Amino acid sequence: MEPARPEAIAQAAARVDAASGSIYHTVVSFKERPYWMDTTSIPAGDPASRLPDSVDVAVIGGGITGLSAALALARRGAKVAVLEAETFGWGASSRNGGMVLTGLKKGPETLIARYGLETARRLYAASLASIDCVEKLVNEEGIACDFARTGHLEVAVKPKHFEGFMRSAEVIAREFNHTLRIVPKKELGEEIGSSLYHGGMVDEASAGVNPARYVAGLRQATARAGAMLFDRTRVEAIESRGPVSQISTSRGTLAAQAVFVATSGYTGAATLALHRRIIPIGSYIIATQPLAGDLARAVSPRDRMIYDSKNFLHYFRLTPDRRMLFGGRAAFFPETANTIRESATILRQAMSQVYPVLREAEVEYAWGGTLDFAFDVMPHAGQIDGLYYALGYAGHGVAMATYLGARMAEVISGDRHANPFDGLPFPTAPLGLYNGRPWFLPFAAAWYKFLDWAT
């Protein structure tokens with residue numbers, strides 16, 4: 001596959017519409033699947049295998065959270081069955097941008113104001129530990145997934161956002177003992193080949209990964225540890241019978257001493273208490289054909305994981321084979337063929353605004369996935385209605401899902417102090433106006449776009 005040539009792209013960039021100042025492309029032809037899935041294969045389960053009559057722990061969801069928990073439980077000698085409705089890693093676990101990020105969706109000032117300093121420190125420390133957790137697992141299990149601590153760069157869309165970066169970096173250094181580097185606008189060219197932004201903030205602790213290869217390696221490690229893995233096994237109902245739960249699935253029934261729910265943005269009516277607390281939000285990504293080496297170095301000199309400071313944000317990075325992967329909340333609704341096509345065009349235009357030199361770079365892949373947002377935009381882990389759970393990652397799932405899956409395995413095994421998110425309030429919608437169907441997403445999208453304009 002021939003990479004895009006910088007001279008051809010430069011010539012295309014010069015053909016800018018003088019009236020609008022931009023070129024608008026409709027993405028016509030692309031592969032409607034995650035680019036990452038063309039770099040590996042995730043083994044399927046045996047469709048003829050029968051469920052056991054009973055297990056110590058039933059894990060619902062075969063993504064990063066569920067596999068991480070099952071691996072940790074199996075290592076401790078538990079009899080574990082993972083029940084996945086689709087195929088392993090089918091959801092956001094293998095569809096994301098492969099960004100292994102420190103921090104939480106809410107900034108340090110908000111964390112301190114909402115939870116108090118001691119709890120805020122514990123939560124932020126968990127976000128740092130989550131990166132170490134992924135790295136340790138990759139090394140221990142020999143997972144070839146292009147894990148690299150390249151760091152992340154947050155870029156300021158407005159000057160006042162950059163002022164906010166400076167305040168946040170000061171608070172994080174003083175209260176959380178973690179150092180971020182502020183990059184003024186005049187030095188930003190050393191980090192990103194775009195003049196669109198007003199400064200940046202770098203965290204060297206963050207990393208990049210190929211998420212599909214990571215899930216494939218995690219699945220193999222979980223099987224080696226002795227966990228039983230069942231895909232194409234949709235959980236339809238869970239009935240509590242004293243200390244045992246009876247789980248009805250599309251493959252049959254089984255009994256479990258404990259149930260761990262790890263369904264994230266695909267949480268459904270079988271776990272109604274969680275269904276009412278999680279909003280499924282669509283996120284979409286395009287990936288170009290491989291760029292020439294000098295062009296790739298020009299757009300991302302340090303190979304950072306990059307995202308901007310908007311609510312309706314964009315995130316982007318180079319893949320190991322030098323594709324520009326560019327994602328964002330182009331549509332809040334979960335993915336369909338229509339939303340993927342529409343989002344591909346929207347993201348193509350946004351990428352061209354960030355990187356005018358990529359106006360003619362061909363988009364080869366476009367896909368969507370569903371993120372899990374709680375109403376307070378925080379991760380949550382604990383126990384509700386007798387079910388253990390971890391979810392609500394809001395786009396920080398690669399690291400936090402790995403970490404909380406492992407921590408909740410410790411909780412299930414008897415260490416009730418292992419969960420740093422224990423005790424956090426887990427809100428439902430005001431006035432009970434949400435039953436799991438996100439009717440309000442168009443209004444939320446309009447509100448966040450307004451905030452991006454006004455703040």
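Just so we're clear, the structure is a prediction, and the values are computed from it rather than from any experiment.
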- Query: So, do Phe426 and Leu274 sit near enough that their side-chain heavy atoms are less than 4.5 Å apart?
  - Reply: yes

- Can you find a side-chain donor-acceptor pair between Asp308 and His161 that sits under 3.5 Å? no

- Message: Working note: Phe316 + Met351, criterion side chain to side chain contact (heavy atoms under 4.5 Å, CB included); need CA distance, chi angles, decisive distance, verdict.
- Response: CA-CA 9 Å; Phe316 41 101; Met351 182 181 71; over 6 Å; no

- Query: Checking side chain to side chain contact (heavy atoms under 4.5 Å, CB included) for the pair Val209/Val134: CA distance, chi angles, key distance, verdict?
  - Reply: CA-CA 10 Å; Val209 74; Val134 174; 5.6 Å; no

- Task: Would you indicate whether the side-chain heavy atoms of Thr288 and Glu364 approach each other to under 4.5 Å?
- Result: no

- Message: Under 3.5 Å, is there a donor on one side chain and an acceptor on the other for Tyr35 and Asp321?
- Response: yes

- Message: When you compare the side chains of Tyr365 and Asp38, does any donor N or O come within less than 3.5 Å of an acceptor on the partner?
- Response: yes

- Task: Would you name the heavy atoms of Gly392 and Asp372 that are closest together and state the gap between them?
- Result: N-OD2, 2.6 Å

- Query: Is the side chain of Ser343 donor-acceptor paired with the backbone N or O of Thr339 at a distance under 3.5 Å, no angle test?
  - Reply: yes

- Message: Please evaluate residues His198 and Val157 with respect to the criterion side chain to side chain contact (heavy atoms under 4.5 Å, CB included), reporting the C-alpha separation (whole Å), side-chain torsions for both, the decisive distance (0.1 Å), and the verdict.
- Response: CA-CA 6 Å; His198 298 272; Val157 174; 5.9 Å; no

- Message: Can you confirm whether more than 12 heavy atoms, excluding those of Arg174, are under 6.0 Å from its CZ atom?
- Response: yes

- Item | Qualifying residue, where the test is ring-ring contact (aromatic ring centres under 6.0 Å, His included) with Tyr307 and the options are His314, His396, His152 | His152

- Query: Between the side chain of Ser68 and the main-chain N/O of Gly66, is any donor-acceptor distance below 3.5 Å?
  - Reply: no

- Query: Does Phe88 reach the side chain of Arg219, with side-chain heavy atoms less than 4.5 Å apart?
  - Reply: yes

- Message: For Tyr393 and Thr65, which I'm curious about, is there any donor-acceptor pair between the side chains at under 3.5 Å?
- Response: yes

- Message: Tell me whether the count of non-hydrogen atoms from other residues, nucleotides or ligands lying under 6.0 Å of CZ in Arg234 goes above 12.
- Response: no

- Would you call Glu141 and Arg213 a salt bridge, using N to O less than 4.0 angstrom? no

- Between Ala374 and His380, which heavy-atom pair has the shortest distance, and what is it? CB-CD2, 3.8 Å

- Distance under 6.0 Å and angle within 45° of the ring axis: does Arg121 meet both against Phe176? no

- Message: Distance alone, cut at 3.5 Å: any donor-acceptor contact between the side chains of Asp203 and Thr102?
- Response: yes

- Message: Please enumerate all residues that pass ring pair (Phe, Tyr, Trp, His ring centres under 6.0 Å) together with Tyr214, with sequence neighbours excluded.
- Response: none

- Nearest-0.5 Å distance, CD1 of residue Ile172 to CD of residue Glu175: 11.0 Å

- Message: Could you check whether any side-chain N or O of Arg407 sits under 3.5 Å from a backbone N or O of Phe421, counting only pairs where one atom can act as donor and the other as acceptor?
- Response: no

- Query: Tell me, do Leu318 and Met324 make a side-chain contact under 4.5 Å, heavy atoms counted?
  - Reply: yes

- Looking only at atom types and distance, does a side-chain atom of Arg302 sit under 3.5 Å from a main-chain N or O of Glu190, one as donor and one as acceptor? yes

- Option from Lys186, Lys185, Arg181 for which salt bridge (charged side-chain N to carboxylate O under 4.0 Å, His left out) with Glu191 holds: Arg181

- Item | 4.5 Å side-chain heavy-atom contact, Pro379 and Leu104 | yes

- Worked check of salt bridge (charged side-chain N to carboxylate O under 4.0 Å, His left out) between Glu204 and Arg304: CA-CA 9 Å; Glu204 300 285 357; Arg304 303 286 194 200; 2.8 Å; yes

- Task: Begin with the C-alpha distance, continue with both residues' side-chain angles, and end with the deciding distance and a verdict on salt bridge (charged side-chain N to carboxylate O under 4.0 Å, His left out) for Arg114 and Glu109.
- Result: CA-CA 9 Å; Arg114 182 184 291 179; Glu109 298 96 329; over 6 Å; no

- Between the main-chain N or O of Leu387 and the side-chain N or O of Asp385, is there a donor-acceptor pair closer than 3.5 Å? no

- Message: Measuring only between side-chain heavy atoms, which start at C-beta, is Thr222 closer than 4.5 Å to Leu229?
- Response: yes

- Message: Please tell me whether Tyr315 and Ser283 have a donor and an acceptor in their side chains that are separated by less than 3.5 angstrom.
- Response: yes

- Does the pair Arg149/Glu135 count as a salt bridge with the N-to-O cut at 4.0 Å? yes

- Item | Interatomic distance, Asp294 atom CG to Arg322 atom CZ [nearest 0.5 angstrom] | 9.0 Å

- Test log, rule side chain to side chain contact (heavy atoms under 4.5 Å, CB included), inputs Tyr403 and Ser127: CA-CA 9 Å; Tyr403 178 76; Ser127 85; over 6 Å; no

- Which heavy atom of Thr370 sits nearest a heavy atom of Gly265, and at what distance? CG2-O, 3.5 Å

- Shortest non-hydrogen contact between Ala205 and Ile131, atoms and distance: O-CG2, 3.4 Å

- Message: Heavy-atom count check: over 12 atoms from other residues, nucleotides or ligands less than 6.0 Å from Glu118 CD?
- Response: no

- Query: Does Arg95 use its side chain to pair, donor to acceptor, with the backbone of Trp90 at less than 3.5 Å?
  - Reply: yes

- Item | Contact summary for Met201 and Ala169, nearest pair of heavy atoms | SD-CB, 4.2 Å

- In Å, rounded to the nearest 0.5 Å, how long is the span from CZ of Arg276 to CD1 of Ile384? 10.0 Å

- Task: Indicate yes or no: does Arg416 engage Glu410 in a salt bridge with an N to O separation below 4.0 Å.
- Result: no

- Message: I'd like to know whether CG of Asn177 has more than 12 heavy-atom contacts from other residues, nucleotides or ligands below 6.0 angstrom.
- Response: no

- Item | Side-chain heavy atoms of Tyr197 within contact of Phe162, under 4.5 Å | no

- Item | Inter-residue atom distance Arg167.CZ - Ile182.CD1, 0.5 Å rounding | 11.0 Å

- Query: Which distance, rounded to the nearest 0.5 Å, do you find between the CD of Gln220 and the CG of Leu67?
  - Reply: 11.0 Å

- Going by atom types alone, do Arg348 and Ser352 pair a side-chain donor with an acceptor below 3.5 Å? yes

- Query: Is a donor on one side and an acceptor on the other found under 3.5 Å between the side chain of Tyr434 and the backbone of Ile278?
  - Reply: yes

- Query: Hey, does Leu83 have a side-chain heavy atom less than 4.5 Å from the side chain of Val59?
  - Reply: no

- Reported CG-to-CE distance for the pair Leu391 and Met408, which is rounded to 0.5 angstrom: 10.5 Å

- Query: Would you say Asp56's side chain and Lys79's backbone share a donor-acceptor pair under 3.5 angstrom?
  - Reply: yes

- Message: If we ignore hydrogens and angles and just use 3.5 Å, is the side chain of Lys158 paired with the main-chain N or O of Thr455 as donor and acceptor?
- Response: yes

- Say whether, by atom type as modelled, one donor and one acceptor occur between the side chain of Thr267 and the main chain of Ser264 under 3.5 angstrom. yes

- Item | Donor on one side chain, acceptor on other, Asn210 and Thr40, under 3.5 Å | no

- Item | Nearest heavy atoms of Ser130 and Ala399, plus distance in Å | OG-CB, 3.3 Å

